[in-house]
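To keep things clear, I will list the structure first and then write my remarks on it.
Each ligand, and each atom within it, is numbered from 1 in the order the structure gives. Count residues from 1 along the sequence.
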Amino acid sequence: MVQFASSPNSQDNPAALQSSTAIRDILRQQRAFFETGKTQSYEFRLAQLKALKQAVLDHQTEILAALKADLSKPELEAYLTEIWVIKEINEAIKQLRSWMKPKSVPVPLEQFPAKARICPEPLGVVLIIGPWNYPFQLMISPLIGAIAAGNCALLKPSEIAPHTSRIVASLISKTFDPGYISVVEGGVEVSQAVLAEKFDHIFFTGGTAIGKIVMAAAAQHLTPVTLELGGKSPCIVDTEIQVEYAAKRIVWGKFINAGQTCIAPDYMLVDRRIKPALLEAMKTAVQEFYGEDPAQSPDYARIVSDRHFNRLIQFLHEGQVFVGGTHNAADRYIAPTILDQVPLNAAVMQEEIFGPILPIIEYEQIAEAIALIKSKSKPLALYIFSRDPQFQDRILQQTSSGGVCINDTIMHIATSSLPFGGVGESGIGSYHGKASFDTFSHYRSIMVKNFWFDVKLRYAPYAGKLGLFKRIIG
Ligand code: NAD
C-alpha cells in the first residue's frame with residue numbers, strides 16, 4: 001500500500017514527483033505480473049477469491065470499527081450493506097468456472113467449414129476508485145469482478161472515510177502481492193495522479209461531476225470506463241398500497257446510513273388522496289425505528305463531514321418540517337426529516353440530497369409526477385409503490401432509470417442476478433454477479449477455419465461472380 005500526503009500532480013513539488021514515481025512503479029509491477037499469465041487460470045482466480053473472502057472474515061471486527069469511526073455506522077447496517085460482499089464472493093467462487101467458459105456460437109453456411117466461439121479474456125490492469133458512503137463494500141465489490149475476470153487491480157479508496165481507507169489498504173496488502181493488487185491512499189491529488197496513468201479499465205463510483213473528470217482523464221488513453229454515479233431517485237406512491245408496509249420500507253430506505261445512500265429515495269411523489277395517511281404512518285415508522293429522540297438511537301448514523309453537514313442543514317428551511325428537522329453540529333447529527341410543502345424550485349429539489357431529508361411533493365394526476373421525473377436527469381433508481389399493474393407499467397414505459405424497485409426500496413441492489421448501474425447522468429455500465437465479470441472482461445470473438453478445401457469465389461478475377469453473391473445475400 002502507498003500513502004500520499006502531498007500533491008503528486010505538481011511538477012515543482014519534489015514530493016509530488018516522488019509520489020507519481022511510486023504510482024508508476026506499482027503499475028510497472030502490475031503490468032509485469034499480468035504478463036506472466038498467472039491471472040489467466042481458473043485455479044489462480046479461485047484461490048484469490050477465497051483469499052479475499054478469508055481476509056474479510058478475519059478483519060470483520062476492524063472493518064466494523066472503521067465504519068463506526070467514519071460514519072457511526074450501526075453494526076447491523078454495516079453487516080447488511082458492507083460485510084455483505086462475502087455473499088458476492090461466494091457467488092463468484094461458485095460461478096467462476098461457468099463464467100470463464102468459452103461459448104460456441106453458430107456460423108453461417110457460407111463460412112463452412114468453420115467454428116466460432118466467444119472467449120472472455122482479462123483486460124489487464126484496472127483502476128477502482130471509490131466513494132465514502134459505503135467505503136468498504138464499494139471497493140471490494142468491484143474488486144471481486146476484477147479478480148474473477150483475471151485482472152490486476154489498483155484501488156483508490158475515499159479519503160473522506162479515512163479509517164475504512166486504512167483497513168482496506170491493510171487488508172489488501174496482507175492478502176495479495178502488490179504486483180497483483182495494490183492500494184494507494186489519499187485525496188483528490190492522488191486520484192488525479194493515478195488518473196494520469198494508463199489503465200485497461202477504470203471503475204469509478206462517486207458523484208456525477210467527478211465522473212465527468214474521470215471520463216475526461218480516461219479519454220486521454222482511450223480507456224473504457226464504468227461510472228457508478230448518483231442523482232435524484234424518485235419514489236412514486238399511488239393510492240393502491242398497504243400503507244404501513246409502504247411507510248416502513250420508504251423510511252428504512254431513506255434513513256439507513258443517515259440518507260447517505262446513492263439509491264436512497266431522494267424525494268417522494270405521492271397521490272394527494274393517500275398523503276395524510278402515508279405521512280402519519282411514516283412518522284410512526286421513524287419513531288418505531290429510532291425512538292422519540294433519534295440522536296440517542298444506536299441505530300442511526302451520522303453525516304460524514306462538516307462540509308456535508310453544512311450543505312444539508314440549508315435544506316431544512318425549504319419546506320414545512322413534518323418530522324425531524326433538528327440537528328447538532330458537534331456530532332454531525334441531522335434527525336430523520338420529512339419536509340412537506342416543498343416548492344419545486346427549492347434547492348433541495350435541484351441537487352442530489354444525499355442525507356436524511358425527504359421532500360414530499362403531492363400530485364393529483366400521475367402525469368404530473370411523470371413530467372417532473374422527466375424534467376430531471378435520468379435517475380439511478382426509481383421506486384413505485386402501487387398494486388396496480390397498469391399504474392406500474394405506465395411509469396415504466398414513460399420514464400427511464402438505472403434500476404427500478406416496485407413496492408420496496410434499495411432491495412434490488414442486493415439481487416446479484418440484476419445488473420446494477422445507472423443510465424444517462426446516473427452512470428455508464430453495470431456490475432454485480434455475472435455483470436461484474438463481464439465489466440472486467442473483453443469478449444473476444446474467435447473464428448477457426450481449416451484447410452479441407454478453399455472456395456475460390458471471393459478471389460479476383462471477379463467476372464461472372466456477382467450474380468451468385470447477390471443470390472447468397474438474398
Ligand atoms: P466523489 O465523486 O466526491 O468522490 C469519489 C472519489 O473520487 C473519491 O475517491 C475522491 O477522492 C475522488 N475524487 C474527488 N474529486 C476528484 C477529482 N477532482 N479528480 C479525481 N478524483 C476525485 O463522491 P463521494 O462524495 O465520495 O460520493 C458521493 C457520490 O457518489 C454521490 O453522488 C453518490 O450518489 C455517488 N455514489 C454512487 C454509487 C453507485 O453505486 N452508483 C454508490 C455510492 C455513491
Side-chain angles (χ1 to χ4, degrees), residues 3-4 7-9 23 70-71 81-82 84-85 88 127-142 145 154-162 164-165 168-169 183-197 199 202-218 220 225-233 256-266 303-305 307-309 311-312 351-355 377-381 401-403 410 412-414 418-432 435-436 439:
Q3 249 187 317
F4 301 116
S7 164
N9 232 11
I23 289 170
D70 286 332
L71 287 142
T81 60
E82 308 253 15
W84 179 262
V85 288
E88 268 193 74
L127 170 64
I128 299 171
I129 300 180
W132 52 261
N133 61 334
Y134 291 89
F136 185 74
Q137 190 245 116
L138 293 172
M139 279 282 105
I140 304 300
S141 178
L154 182 65
L155 276 58
K156 209 299 280 173
S158 170
E159 72 284 11
I160 312 287
T164 315
S165 172
V168 168
V183 176
V184 285
E185 286 190 88
V188 174
E189 298 86 352
V190 171
S191 201
Q192 288 170 345
V194 172
L195 283 168
E197 304 300 326
F199 290 88
I202 297 175
F203 188 104
F204 170 81
T205 309
T208 299
I210 311 300
K212 290 177 185 173
I213 294 173
V214 170
M215 197 164 172
Q220 299 306 309
V225 290
T226 302
L227 301 178
E228 294 284 339
L229 310 176
K232 288 186 86 62
S233 298
I256 48 164
N257 206 27
Q260 301 163 112
T261 303
C262 58
I263 49 168
D266 184 277
I303 304 306
V304 72
S305 68
R307 184 171 77 83
H308 283 280
F309 176 85
R311 179 182 66 81
L312 286 164
E351 60 184 85
E352 180 183 10
I353 299 169
F354 218 55
S377 304
K378 292 179 181 178
L380 184 57
S401 64
I410 313 286
H412 61 301
I413 199 175
L418 290 174
F420 175 75
V423 59
E425 290 205 9
S426 56
I428 295 174
S430 61
Y431 72 132
H432 288 180
S436 292
T439 287

Could you go through ligand 1 and note, for every N or O atom, any protein N or O atom closer than 3.5 angstrom, writing the atom names and distance to 0.1 Å, or 'none'?
unit_1   : atom_1 : unit_2 : atom_2 : d
ligand 1 : 2 (O)  : Gly207 : N      : 2.8
ligand 1 : 9 (O)  : Gly130 : O      : 2.7
ligand 1 : 9 (O)  : Lys156 : NZ     : 3.0
ligand 1 : 11 (O) : Lys156 : NZ     : 2.8
ligand 1 : 11 (O) : Glu159 : OE1    : 2.7
ligand 1 : 21 (N) : Ser191 : OG     : 2.7
ligand 1 : 23 (O) : Gly207 : N      : 3.4
ligand 1 : 25 (O) : Trp132 : NE1    : 2.8
ligand 1 : 26 (O) : Trp132 : N      : 3.3
ligand 1 : 26 (O) : Trp132 : NE1    : 3.3
ligand 1 : 30 (O) : Gly206 : O      : 3.2
ligand 1 : 30 (O) : Gly207 : N      : 3.4
ligand 1 : 32 (O) : Glu352 : OE1    : 2.7
ligand 1 : 34 (O) : Glu352 : OE1    : 3.4
ligand 1 : 34 (O) : Glu352 : OE2    : 2.6
ligand 1 : 41 (N) : Glu228 : O      : 3.4
ligand 1 : 41 (N) : Leu229 : N      : 3.4
ligand 1 : 41 (N) : Leu229 : O      : 2.7

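Every residue two or more places apart in sequence or in another chain that forms a side chain to side chain contact (heavy atoms under 4.5 Å, CB included) with Ala218 is listed here: Ile202, Thr223, Val225. Applying the ring pair (Phe, Tyr, Trp, His ring centres under 6.0 Å) criterion to Phe136, with sequence neighbours excluded, gives no partner residue. Qualifying salt bridge (Lys or Arg N to Asp or Glu O under 4.0 Å) partners for Glu425, counting only residues two or more places apart in sequence or in other chains: none.
Between the side chain of Lys232 and the main chain of Glu351, a donor-acceptor pair closer than 3.5 Å is present.
Expressed to the nearest 0.5 Å, how far CG of Leu229 lies from CD1 of Ile428 amounts to 7.5 Å.
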| request: Report the C-alpha distance between Leu195 and Ile129 in whole Å, list the side-chain angles of each, state the deciding distance to 0.1 Å, and finish with yes or no for side chain to side chain contact (heavy atoms under 4.5 Å, CB included). | output: CA-CA 10 Å; Leu195 283 168; Ile129 300 180; 4.0 Å; yes
